[in-house]
**Student:** 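Submitted below is the structure of interest, expressed as structure tokens.
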Amino acid sequence: MADDIDARENLEDINEQPKAGEPKYDADNLQILKGLEAVRMRPAMYIGDTGSRGLHHLFTEVVDNSIDEHLAGYCTRIDVILCADNSVKVVDNGRGIPTDMHSEVGVSGVEVAMTMLHAGGKFGGGGYKVSGGLHGVGVSAVNALSEWCEVRVCRNETCYFQRYERGVPCEPLKEIGKAEATGTTTTYLADSEIFGEIVYHPEVFVSRLRELAYLNKGLSIAFTNEQAPEGEEKTRVFHYENGIAEFVEALNRNKNPLHKVVFFSGDRDETAAEVALQYNESYQENILTFANNIHTQEGGTHLSGFKTAITRVINNYARKNNLLKEKDPNLSGDDVREGLAAVISVKLLRPQFEGQTKTKLGNGEVDGVVNSIVGEGLSEFLEENPTAARRIIDKALTSHRAREAARRAADMVKRQSAMENASLPGKLADCIERDPAKCELFIVEGQSAGGNAKAGRNRRNQAILPLRGKILNVEKARMDKALENEEIKSLVAAIGTGITHSSMDNADDEDGQLDLEVTETAPVNGNENGNGKKNGNGATFDLSRLRYDRIIIMTDADVDGSHICTLLLTFFFRYMKPLVEDGHIYIAQPPFYRIKSGKDKIYYAKNDEERDAILRTISNKKDTMVTRFKGLGEMDAEDLADTTMDVDSRTIAQVHVEDLIEADDLFTVLLGDQVEPRKAFIEAHAKEVTNVDWHA
Ligand code: 0RA
């Protein structure tokens with residue numbers, strides 16, 4: 001910032017005109033050189049960092065100038081080319097940077113733009129300049145941080161050219177020929193002295209350029225990757241005649257929309273706002289906000305104005321049409337945003353960026369502008385489209401009822417676990433011991449296996465909870481549905497801790513792919529519940545009420561069994577995470593084979609290799625019988641006790657979630673129909689513990 005001010009002061013100080021052809025190193029140029037040097041000394045101050053992020057920020061700074069020319073009404077196409085030699089070329093068909101001598105500094109307008117920090121705003125032709133990037137330092141910083149940079153400008157039927165090396169002009173702007181069209185071409189090679197090895201990621205170009213095309217309707221932005229491998233399409237053109245309305249359409253591409261995309265726009269107090277929205281059948285909220293083409297990940301005043309308007313308008317409409325009765329409470333913000341996809345884009349003259357990552361819009365006036373544009377637009381839309389209006393209100397009412405039901409269900413679960421034994425499930429065969437530290441709970445797949453497990457257990461400290469078939473997939477159900485499920489209810493009651501955070505925000509999350517494609521970063525999700533263990537639905541988790549130190553999942557060693565195991569792990573992960581983190585969850589490892597030799601010699605093998613190894617050691621082969629267990633149900637009480645339950649002889653595996661974040665993703669991904677990745681996951685995250693040194 002200090003350098004910015006310096007640069008302007010220098011301009012005011014120095015008014016002498018150099019004579020044509022005179023060497024460049026006079027006072028002005030020394031000042032300019034100082035400015036460039038400052039950028040090279042502290043690049044991070046100007047472009048954020050000198051890593052991959054900063055490197056990829058450079059093209060955005062250059063493109064932003066062309067976007068400004070589009071906003072001024074003079075540029076319809078921008079080409080960005082990632083060249084084979086790692087240089088980047090940005091071509092626009094605007095008016096061209098002014099080439100005449102600047103009256104104050106005595107160099108061409110081109111040179112001013114290329115060498116003076118923040119030159120754009122001050123020396124541009126006035127007009128509507130809103131772009132300028134997150135760091136807003138302009139193309140001069142790119143020039144300073146480039147090994148070389150070349151500008152070609154076509155205007156006045158003439159083509160001009162100038163080359164710079166590390167920001168320093170090699171010679172003054174010169175005419176190089178005739179020109180029919182107008183425009184500016186900037187080519188730069190990022191300086192490896194600054195950025196180290198230059199490695200570009202084309203998908204960063206694609207994602208940012210596509211976003212810019214959505215945000216600037218009618219503008220064509222083409223990206224050419226000359227480094228693309230043979231056979232891959234080199235050029236992609238992004239052009240959206242309907243701008244952010246098409247952005248919202250893309251956000252909902254894999255969802256079921258409730259109505260056509262709605263678009264509102266308006267200007268007020270030097271602020272232009274555009275909003276597009278569309279509800280879909282999902283439970284998620286996906287609102288992306290932008291200010292001057294910058295993705296405001298932390299939201300801000302445009303987002304708050306939008307939220308207030310949506311809640312107000314939907315409640316008003318519902319009341320007016322008697323869909324909400326006088327006695328009913330208002331729909332909450334969460335209710336009216338369930339299944340809402342929206343893009344908000346504002347353009348303003350002096351944006352203030354706040355927050356941790358400077359991506360929160362702070363301009364107070366914007367709240368009211370967006371609020372009134374959305375308020376008027378949405379009211380009108382609802383009045384004119386009663387069918388869509390009805391669907392939207394129904395969706396919000398359902399969301400409201402589900403939220404109420406979830407709250408009641410969570411309260412109930414809480415009350416039930418508070419009553420402890422009084423409400424223990426009938427299916428639970430509890431143990432005698434009352435000290436939880438000495439107790440184990442076996443969750444057993446199927447009734448018959450449950451019976452054998454009961455017979456084979458040590459009833460003093462081992463409890464058995466048989467499950468009837470598959471438990472509900474909590475990844476795809478909302479909290480109220482999950483807590484209505486009988487198997488889950490008995491599980492929660494038996495364990496005693498209650499549940500943690502709801503999975504409401506994760507429900508129906510089948511479009512991770514799309515979200516990644518549309519934007520590099522997570523969408524603003526307005527979830528005000530926070531991440532605490534106590535959530536808005538009144539559910540609490542209390543580890544001190546845990547009734548068993550070890551919870552052991554015991555399922556068949558087949559595809560169904562491994563699916564049930566995953567469903568249980570998912571449930572624990574989403575609703576009782578501390579149990580997973582603290583290592584209370586185990587997976588039993590029932591063997592595949594029983595090898596009986598003679599009258600009373602019994603071996604168990606967990607796979608074919610073990611079986612063969614055992615068979616090799618047995619001398620009297622005639623008297624040997626090998627049994628393959630098709631499931632837990634085929635093991636008798638003795639088999640189960642010896643292999644899976646008896647503390648002295650069993651094998652069980654403790655579940656470690658080494659990387660909870662990664663696991664979180666995996667649960668969302670894994671619960672599809674594929675079995676192999678699921679098995680791989682369980683194997684990767686369940687560390688084997690043999691003959692645990694622990695006695696009740
Ligand atoms: C200032 C004034 C005028 C054009 C531009 C700047 C301009 C800058 C860039 C940077 C990249 N592409 C650009 N295109 C235009 C307009 C001067 C006039 O013709 O009146």
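These numbers were taken from a predicted model, which means no experiment stands behind them. When a ligand or atom number is given, it counts from 1 through the structure's own listing order.
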**Student:** Tell me the closest heavy-atom pair linking His56 and His201, and the distance in Å.
**Tutor:**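 Here His56 and His201 meet closest at NE2-N, 2.8 Å.
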
**Student:** Using a 4.0 Å cut-off to any heavy atom of Arg155, which atoms of ligand 1 qualify?
**Tutor:** 17 (C), 18 (C), 19 (O)

**Student:** Numbering the atoms of ligand 1 from 1, which are under 4.0 Å from a heavy atom of Asn65?
**Tutor:**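 Those atoms are 10 (C), 11 (C).
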
**Student:** Compute the centroid of each ring, for Phe290 and then for His302, and state whether the two points are separated by less than 6.0 Å.
**Tutor:**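 For Phe290 and His302, the ring centres are not under 6.0 Å apart.
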
**Student:** Under the 6.0 Å and 45° cation-pi test, does Arg95 pair with Tyr74?
**Tutor:** yes

**Student:** State the atoms of ligand 1, each with its element, that fall below the 4.0 Å cut-off from a heavy-atom position in Pro98.
**Tutor:** 1 (C), 2 (C), 3 (C), 4 (C), 5 (C), 6 (C), 17 (C)

**Student:** Under a 4.0 angstrom heavy-atom cut-off, which atoms of ligand 1 come close to Glu69?
**Tutor:** 4 (C), 5 (C), 7 (C), 14 (N), 15 (C)

**Student:** Hey, do the aromatic rings of Tyr200 and Phe205 have their centres closer than 6.0 Å?
**Tutor:**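 Centroid separation for Tyr200 and Phe205: below 6.0 Å.
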
